[in-house]
Every structure is written in structure tokens, then in C-alpha cells.
There are 2 protein chains.
Amino acid sequence: MHHRKLATIEDVAAIAGVSIATVSRAINEPRKVADETRRRVTDAIARTGYTTNAMARSLRMRRANMILILAPDVGDPNFSNILVGLEIAASTRGYGVLIGNTQNDPEREADYLKFISSNQADGLILFTGHLPFGLADADPSVRLPPMVAVNEPVLNHDVPFVGVDNFEGARIAAEHLVSQGHQRIAFIGRSPARRINALREEGYRAALAQAGLSVDERLILPGDGTTESGRQATEHMFVRDVLPSAFLCVNDATALGVFMALNNRGYVLPRQFSVMGFDDIAFASFVTPALTTMKQPRRKIGEEAMNMLLTLLEGEPPRQREVFLRSELIVRNSVSRFTEK
Amino acid sequence: MHHRKLATIEDVAAIAGVSIATVSRAINEPRKVADETRRRVTDAIARTGYTTNAMARSLRMRRANMILILAPDVGDPNFSNILVGLEIAASTRGYGVLIGNTQNDPEREADYLKFISSNQADGLILFTGHLPFGLADADPSVRLPPMVAVNEPVLNHDVPFVGVDNFEGARIAAEHLVSQGHQRIAFIGRSPARRINALREEGYRAALAQAGLSVDERLILPGDGTTESGRQATEHMFVRDVLPSAFLCVNDATALGVFMALNNRGYVLPRQFSVMGFDDIAFASFVTPALTTMKQPRRKIGEEAMNMLLTLLEGEPPRQREVFLRSELIVRNSVSRFTEK
DNA sequence: TTGAAAGCGCTAACAC
DNA sequence: GTGTTAGCGCTTTCAA
């Protein structure tokens, strides 16, 4: 099968006693070939172990049946299941998936774009939240390649998007805290420049407003979504001595930082403080206390995004340019009922 | 740049006033072209935004500069950084990386093999621990495609392998426990059929032997590496009332199960029991107490494996067929000095 | 329903 | 140093 010269369409044609055009048809449009002929071709294919040479076909057809995925870090646990969903949907529809780990390096982004301009990939899935370098600054008359953003919407460009409804998710999370009697709820992870953080903050504000609670701006702390930022924010609150009864964190990583700071100061969770995260990353259920959080339907996001892209590629306009999937409240043990001390 | 018919080598040649052969040479073997000519070609390329059509090139060259990665689950946190390493090494050497999520489904494995037989990929990285279905049973006279196994060696086949030295790592781990005064050390995760588990168990035994400690077989419990198996094994020990002072777990996931069982029973770690893991997965540093473990050089594994494969592909025999990288002892807080009660 | 033949864009042998 | 040309393996008119 390998290194013994591969069978070509000519070999098959010779064995079947037909022309290569007929072999091609038998493979791609079987109904246009007489039953008997088709049988002979099928046999010949089996006998030779023939597989269509994808390069020749792609060259001729001008498409590669390949999708390029651009992500700043394929190893990011937040990405991995989206990746799985993308891969499954792609392979189901006969497409392959190429990965491009950009590390947010403009040069690597531009490099990977060559897969598109060299016809090696037909479309693009973007995890990066921005157009890849080389496209961002391109003259606007130039048509962008077919692409769909995932995880983070693309700033300032009308790129179709599939992701979680961050506003609604955060609203539900804050509502959960309110339903447990909390009135002083901190939001950890303010960062207006980050779309996700901004939306989650808005959801938080909406829930408080809806509950008739006023927002204490001193309980809203900046953070970039890292564990360290959660730790620092918490420390900061103690230094200023403005404390909540519950922490709503912009994501699970941040919540972990809050956990660490609180543990460090000797508090027992969730007795003395409640903490909520967002994302439901792998270890959320393994920390102590297990983290109450909002679960992202990651695999589903990947599948939807890929299906949207392939639909786009096949020439149909997508039914909607933005799809927001619902996140799910996962109640574990890091939130307790608030009781006045 | 897109959908405005792509520039071809002929367009460049016309603009530069040379033949297409010269353009090709200017790109691939610049030194064979006169300075002045090369300059004109470079200019023309810039003016047209030309990119070599990868399909045409691959068809002609009979190689795709593409590597297929077969993994049962791309989302596995144990894989992700290896994946990053693979990707980095590949792109550094001008190769693309195709992912195949097989879910251990023979059908999907066979499907993905078509990327090889259809010339879309030149080589294979195997995470699966076995030859893909369709190769495993192939007649042995058939040459296998170039491949390198990673993470888990391939059973019964002489496939080059890059991974961590499991025996040595476990030996160092057990030695660490011994150095902290532990004498009754359990091994959680016995599973002779799994190469990794078996090697780690051997390392454990070697360390005890070296320390002059006898092995109490009742302290060696079966497990498949899941969190649940760790929990169960621990429960089992309590039921039989044969207890160690320290648990050496076959991996971090198992250690987590041990944590849960111990927490459940109200023990305080590491005061009452010490626990060690293996792998250093993402959350190892975030559990309480932070897990002492052996860190796998995952990214390095990926890089080495890819480099080995590309070397193979370029016709050179690999310097060694098996590369074992050292794992690193990461001391955190889950192990304490043993003091007689 | 089938076949002949053009041509996708490129590299490499060969000739100059 | 450079140009001409064959041909990689396929799909797709066009004609029979």
C-alpha cells in the first residue's frame, strides 16, 4: 500500500476495460454509469486498492475540502472541546481540519493565511477574536475568505459567530446568587476592552437591577481572566476592606484565584464566602469546594460553527450571522445560602 | 486577494518578463538565478500577491508537506501540549498539521488513513497506542507509512516512539516519598495490560527495592487511570483496613480520586496521608493541597516526535528509535514528612 | 452511456 | 542562466 507505486485512475481504467472518464464518473456520479460498467469499475478499484489522489482532484476542482483553524493556543482547555466539535462536524461532511497555532503572533497568522491563498484550505475558523494579520489591513474591496468566528467574536468586522450567550449566562449566574440570598455580590474580572468580559459584566448588572439591588462599584474589580488576576482582586478587596458575601467571577480560572486568596486568609468556603465561576472547565468539579459555574456547550459550539462555515462554503447564505447557545447552570458546592452574621 | 482570480506562476512570469521555469527557480533555488532576474521576479510576486498553489506543487512533487495526527481525543488535557509541540516543530519546518480525532473508532481510523493513501499527508503521528485499523492487519510485506508514536508506544510493532521515561519517573517519585520517611507506600493504578501503568509500577517497585523496603502486595491496587478508579481503590483500602502512609498514584487523575475519598472520610492532607501523582496536568497546582507530582515535558515530547518524523521523511534513518525524556519532580504540598503517630 | 482530450499550476529534465 | 516542455492524476466539456 505504501511505497509500492500507488494505483492511479489509469490502472483502474485499464483493468476495468473502460476510459478514465468513466472511472471518474463511476466514483463521483455513479448514476450516470451503466450498472454493469459500474460493477466492473468497483471491482477494479477493490483489486487495486485505488484511492483518488486528493492533490490532483483539488488542483482540478479548485478546492481542497480542508478547513483551517486558527487559534492562539490549541492547548487551551477552553478550546479543546470546541476543537473536537469542529473536527467531528468537518469529518462528517468529508472535510479535513488543519490546525494553526498562532500564539497571537502576527507573523504566524500571516503564514497560516497562505494555506488559504495557496488553495490548501477552503475556509477559516477563528478562535482569535481578530482577523488574522494580513487580512485585517487588506484593502476593503477585497473579499474575505469564508470564515466563522468561535469563542470570541471578531472586533469591528462582520464575521459570522457562534458562541455562548455571555450576557444571558452571567445574568443567570448572578440571579442564582441573588436567589441564595446574596445582596453584596462582587464581580471579578472587569475588562471593558474584552468583549466577553464586558458582556458578562452587563449580565451581572442586569440581574442585580432586575432584583432591585443597587450596584456597589467598589465591588467590581478589574481582571483579565487569569487565576492571578482573581487572586489579586480578592486581596485588593481585603486591603480596602470592602467585602461582598459572594464573588461572581468572569471565568473559572479567575474563581480559582479567588479560592486561593480566600484559603490563604483562612476562610472556609462556602461557609464564609460564596464563589461562582463561568465556563465549567475540567477541574471545576475537582476543586474543594466543587465550583458552581455556568457550563459552556463547547462541543456543540464547534459543531454549529463548522456546519455554518461549510454551508457558507457551499454557496448558501447562513440562516443567521450570529448564533448564541445557552450556557447551563451547574450547581456544585461553592455557593451557600447567605445568612446574616 | 480572494475571489479575484488568484495569480499564477504565469502571471508572475509575464510581468517579470521571464519564463515560468525561472520564476519557479527564483522561488525554490534562488541562487541559481541571476541577481537582476531574481529582483524582477520578486517584484512581480509582490505586485501580484502571488502564492504558490500548494495543490499543483504537491501533485508534481508527490508530497504534501502535511502530517496527520491521529488521536483518540484531541480534547484530552494530556494531549494538548504535546499537540502544541508537534504543531510548532512542524510549522517551523514548513509542514502543516492535520488532526484526526478517532475516538478509537476503527472506521474513523481507516477513514483517516486515506489522507495518507491519497497523498494528502506524508506521515503520521500516533497518539493511539496501536496501529490504525487498516494498517494493523495489512499484509506484512507492505511498507508502513512513515510514523512516530507519542504518549503511548505501539504494541507489537516497531514504531519509533517519543515519550516520557515512565519507569524512571515513577522511581524518582517513589524515592521522593521514601526520602520523606514513608515506608508503607501504596501504588494506585495497577494495570499490567497498559504499558504506561506497568512501567510506572515497575519504577515504584525498583525504588522500594533500592531502599531495602519490601513490597506489601496488598498496597498495590488496580486502576485504569481515571479519577473514579482512584476513589474506589482508596475506599477499598479502608474497607480492608490495610492502609499506607503515602499513596503513589499512576497519574494525577487517579490522585484526585484519592483526594476525594480521603476528604470524604474527613482526613486532612497532607497531615494524615501523603499523595503523589504523575503527569502534572493543569489543575495539579490548583487542588488543595497542591499536588506533588512528576511533570511530563509535553511540549518537548511533541517537538522531538515531529522532528523525528520529519527526519524520517527526509530519508535519514532516525538516530534512535525510542526517545525517553525525563520527567521532573514537582514538589508542592500534598506530601509531608512521615512521623510515627 | 461512453471516450478523447484539454487543462488545473507546478517542477525538473533537458537543451541552449 | 534561462527557456521549452513533459507530465503529476484528476474532472469535465464535447462529440460520438
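As the structure is a prediction and not an experimental result, all values here were calculated from the model. Chain identifiers are assigned alphabetically (A, B, ...) following the order of the sequence lines, protein sequences preceding nucleic acid strands; residue numbering begins at 1 within each chain.
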Report task. Would you mind reading off the distance between B/D11 atom CG and C/dC8 atom P, rounded to a whole angstrom? Result -> 11 Å

Query raised in the report: Tell me, which of residues 19-33 of chain B have any heavy atom that sits under 4.0 Å from an atom in DNA chain D?
Result: B/S19, B/A21, B/T22, B/R25, B/K32, B/V33

Query raised in the report: When we call it a touch if two heavy atoms are under 4.0 Å apart, what does A/T52 touch: a base, just sugar-phosphate, or nothing?
Result: sugar-phosphate

Report task. Taking atom types as modelled, find out whether A/H130 and A/E109 have a side-chain donor-acceptor pair closer than 3.5 angstrom. Result -> yes

Query raised in the report: Can A/I69 and A/L98 be said to form a side chain to side chain contact (heavy atoms under 4.5 Å, CB included), step by step?
Result: CA-CA 6 Å; A/I69 296 183; A/L98 221 49; over 6 Å; no

Query - B/R93/B/E314 salt bridge by N-O under 4.0 Å criterion - result: yes

Query raised in the report: Would you say the side chains of A/N53 and B/R62 form a donor-acceptor pair under 3.5 Å?
Result: no

**Report entry** Along DNA chain D, first and last positions that approach a heavy atom of chain B under 4.0 Å
**Finding:** D/dG1 to D/dG9

Query - DNA chain D: 5'-proximal contact among B/L59 and B/T37 (nearest heavy atom) - result: B/T37

Query raised in the report: A/M55 has an atom CE; how far is it from atom C1' of C/dT11, in whole Å?
Result: 15 Å

**Report entry** CD/A/E107: more than 12 non-hydrogen atoms of other groups inside 6.0 Å
**Finding:** no

**Report entry** Interatomic distance where CZ belongs to A/R62 and P belongs to C/dG7 [whole Å]
**Finding:** 13 Å

Query raised in the report: Is it true that A/R298 and A/E303 have a side-chain N and a carboxylate O under 4.0 angstrom from each other?
Result: no

**Report entry** Ionic contact status for A/R326 with A/D165, cut-off 4.0 Å
**Finding:** no

**Report entry** Residues B/D35 and B/R38 bridged, charged N to O under 4.0 Å
**Finding:** yes

Report task. Would you kindly give the CD-to-P distance between B/E10 and C/dC8, to the nearest whole Å? Result -> 8 Å

Requested in this report: Grab the CD1-C1' distance between A/I9 and C/dA4 for me, whole Å please.
Outcome: 14 Å

Report task. Could you tell me the separation between the CG atom of A/N119 and the C1' atom of C/dC8, rounded to a whole number of Å? Result -> 10 Å

Query raised in the report: Between B/R63 and B/N119, does any side-chain donor sit less than 3.5 Å from a side-chain acceptor?
Result: no

Report summary line: To the nearest angstrom, the CZ-P distance between B/R57 and C/dC8 comes to 19 Å

